[in-house]
Amino acid sequence: MIDFTRRDMIAAAGGIAALALPGATACARADSRTLGYAVVGLGGYGLGRIVPEFANCAHSRLTGLVSGDRAKAERVAAEHGVPTRNIYDYANFDSIADNPNIDIVYVCLPNSMHAEYTIRAAKAGKHVMCEKPMAISSAECEAMIAACKAADRKLMIGYRCHFEATNLEAMRRARAGEIGTPRYFRSEHGFVQGDPTKWRLKKALAGGGSLMDIGIYALNAARYMTGEEPIAVYAHEQTDRSDPRFHEVEDMIEFQLEFPSGVIGSCMSMYSANQSHILLMGDKGRIELEPATGYSGHRLWVGRGRETEITPPPGPGKTQWAGQLDHLVQCIVEDREPIVSGTEGLRDLRIIEAIYRSAKERARVGLA
Ligand code: NAD
C-alpha cells in the first residue's frame with residue numbers, strides 16, 4: 001500500500017520551502033540546509049532537464065559533474081558555476097569520496113548503469129538520486145538498497161510525477177473519495193522511437209523496451225492513483241521483430257493488474273505511438289489526466305466526464321524537478337525516507353519482471 005500522509009503530499013508539492021520557509025517563493029534561496037549535487041551523465045535528461053533545474057531549487061545546488069566528455073563537462077561547469085576541480089569522469093568517479101562539496105550523486109545514465117553508479121556513490125559516502133527505471137532487475141535494486149543502507153545514505157528514485165501538481169491533485173481527490181469507490185484504472189503511455197542505434201533499443205543497456213522506459217509511468221500511476229499494490233498481472237506483447245528498432249526489445253506490451261480491493265488496472269506501453277493518459281473510474285465518477293505525466297501541459301478532469309476541468313491549487317511555484325531535488329535534501333536534513341525511495345523503485349521492477357514473464361508464458365502471474 002502506498003501511504004501518502006498529508007505531510008508527504010505537502011512536502012512533495014513544496015519541498016522544504018513549503019514546510020520550513022512559509023511564504024518562500026520558488027526562486028533559489030540558499031541557507032545552511034542547502035546540499036550539493038553531482039550529476040552523472042550529461043545527456044538529454046541530465047543536461048537537458050536536471051542541470052537547469054537547480055536554478056529553481058531552494059535547497060539544492062549543482063556542485064559537481066561526472067562525464068566521459070571533459071570538454072562538454074568544462075563548458076557546462078563554466079555555464080553553471082561549478083569549479084573544474086569538481087569535474088569527474090567514469091574512471092576517477094570514486095575519488096568523489098574526498099569532495100565535501102558533493103553530498104548527493106544524481107545518476108542520469110542508461111538503465112544498465114544505474115546499479116553500478118548508485119553502489120559506487122554510496123560506497124563513496126554520497127546520498128543517491130537515481131533515475132527511473134531504478135535498474136534492469138529486482139536483484140540489482142536489492143543490491144542498491146543494501147549498499148545505501150550499509151553506507152547509511154538515502155536513496156531516492158527520480159519519479160518526478162510524485163512532485164507534479166496535477167498528479168498530486170489527482171491523487172488527493174482519489175484518496176478523498178471524490179469518485180466514490182475506485183473500480184477500474186486505465187493508462188496508456190508511449191512515444192515513437194526513431195533511431196534504432198539508440199541505447200534505449202539495446203537490451204543490454206536498457207534492460208527492456210517501452211515498458212522499462214515509458215510504460216513504467218502507467219504502472220507507477222496505477223499504484224499511486226489506486227493507493228494499492230497489485231496482486232497479479234496478465235500481459236500480452238505485440239512487437240514487429242522485423243522492424244530494425246525492435247530486434248532486441250519490445251514495442252507494445254499491454255498488461256492487466258489485479259488489486260486486492262477488486263480494482264482492475266489496464267495499461268498499455270508503446271514505442272510506436274505517442275500517448276500520456278491516466279483514467280481512474282469509481283462508482284461515483286472519474287478522474288482523468290491527459291497529458292498525464294509529461295514535462296508540461298498537464299490537464300485534469302474530475303466528474304462524470306470531461307465537463308469539469310480542475311486547476312491544481314497554486315503551490316509555492318516549484319517545478320516537479322525542483323520539488324524532487326529539494327525533497328531529497330529535506331529527507332537527508334530531517335533523516336527520513338524519501339516518498340519515492342529505493343523500495344518504490346524495487347516494487348516497480350518486481351512487477352515489471354512479472355509482466356515480462358506473463359507475456360512470455362502467456363499466463364497470469366501472481367505477485368507475492
Ligand atoms: P541520453 O542517451 O540522452 O544520455 C545518456 C548519458 O549517458 C549520455 O551523457 C551518455 O554519454 C552517457 N553514457 C555513459 N555511458 C554510456 C553508454 N555506455 N551508452 C550510452 N550512453 C552512455 O539518455 P537520457 O534520456 O538522458 O536518459 C538517461 C536516464 O534518464 C535513463 O535512465 C532514462 O530512463 C532517464 N530519463 C528519465 C526521464 C524522466 O522524465 N524522469 C526522462 C528521460 C530520461
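Order of appearance sets the numbers: ligands from 1, and atoms from 1 within every ligand. The chain is numbered in sequence order, starting from 1.
Aromatic pair Phe259/Phe185: centroids not less than 6.0 angstrom apart. In this structure, the ring of Tyr234 has its center no less than 6.0 angstrom from the ring center of Phe255. Ring to ring, Tyr224 and His162 are close: their centroids are under 6.0 angstrom apart.
Annotation: side chain of Lys154 is not in contact with side chain of Val128 (no heavy-atom distance under 4.5 Å).
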Tabulating one pair per line, provide the atom names and distances (0.1 Å) for every N/O atom of ligand 1 that is less than 3.5 Å from a protein N/O atom.
residue  : atom   : partner : partner atom : Å
ligand 1 : 2 (O)  : Trp199  : NE1          : 2.7
ligand 1 : 3 (O)  : Gly44   : N            : 2.7
ligand 1 : 9 (O)  : Leu42   : N            : 3.4
ligand 1 : 9 (O)  : Gly43   : N            : 3.1
ligand 1 : 23 (O) : Trp199  : NE1          : 3.3
ligand 1 : 25 (O) : Arg200  : NH1          : 3.2
ligand 1 : 25 (O) : Arg200  : NH2          : 2.9
ligand 1 : 26 (O) : Gly44   : N            : 3.4
ligand 1 : 26 (O) : Tyr45   : N            : 2.8
ligand 1 : 32 (O) : Leu109  : O            : 3.2
ligand 1 : 32 (O) : Asn111  : OD1          : 2.7
ligand 1 : 32 (O) : His114  : NE2          : 2.9
ligand 1 : 32 (O) : Lys132  : O            : 3.4
ligand 1 : 34 (O) : Lys132  : O            : 2.8
ligand 1 : 34 (O) : Lys132  : NZ           : 3.3
ligand 1 : 40 (O) : Tyr45   : OH           : 3.4
ligand 1 : 40 (O) : Arg160  : NE           : 2.7
ligand 1 : 40 (O) : Arg160  : NH2          : 3.3
ligand 1 : 40 (O) : Tyr217  : OH           : 3.0
ligand 1 : 41 (N) : Tyr45   : OH           : 3.2
ligand 1 : 41 (N) : Glu131  : OE1          : 2.9
ligand 1 : 41 (N) : Tyr217  : OH           : 3.4

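Classification of Asp326 and Lys318 as a salt-bridged pair holds, one side-chain N sitting under 4.0 Å from a carboxylate O.
Closest of all the heavy-atom pairs between Ser187 and His277 is OG-O, 2.7 Å.
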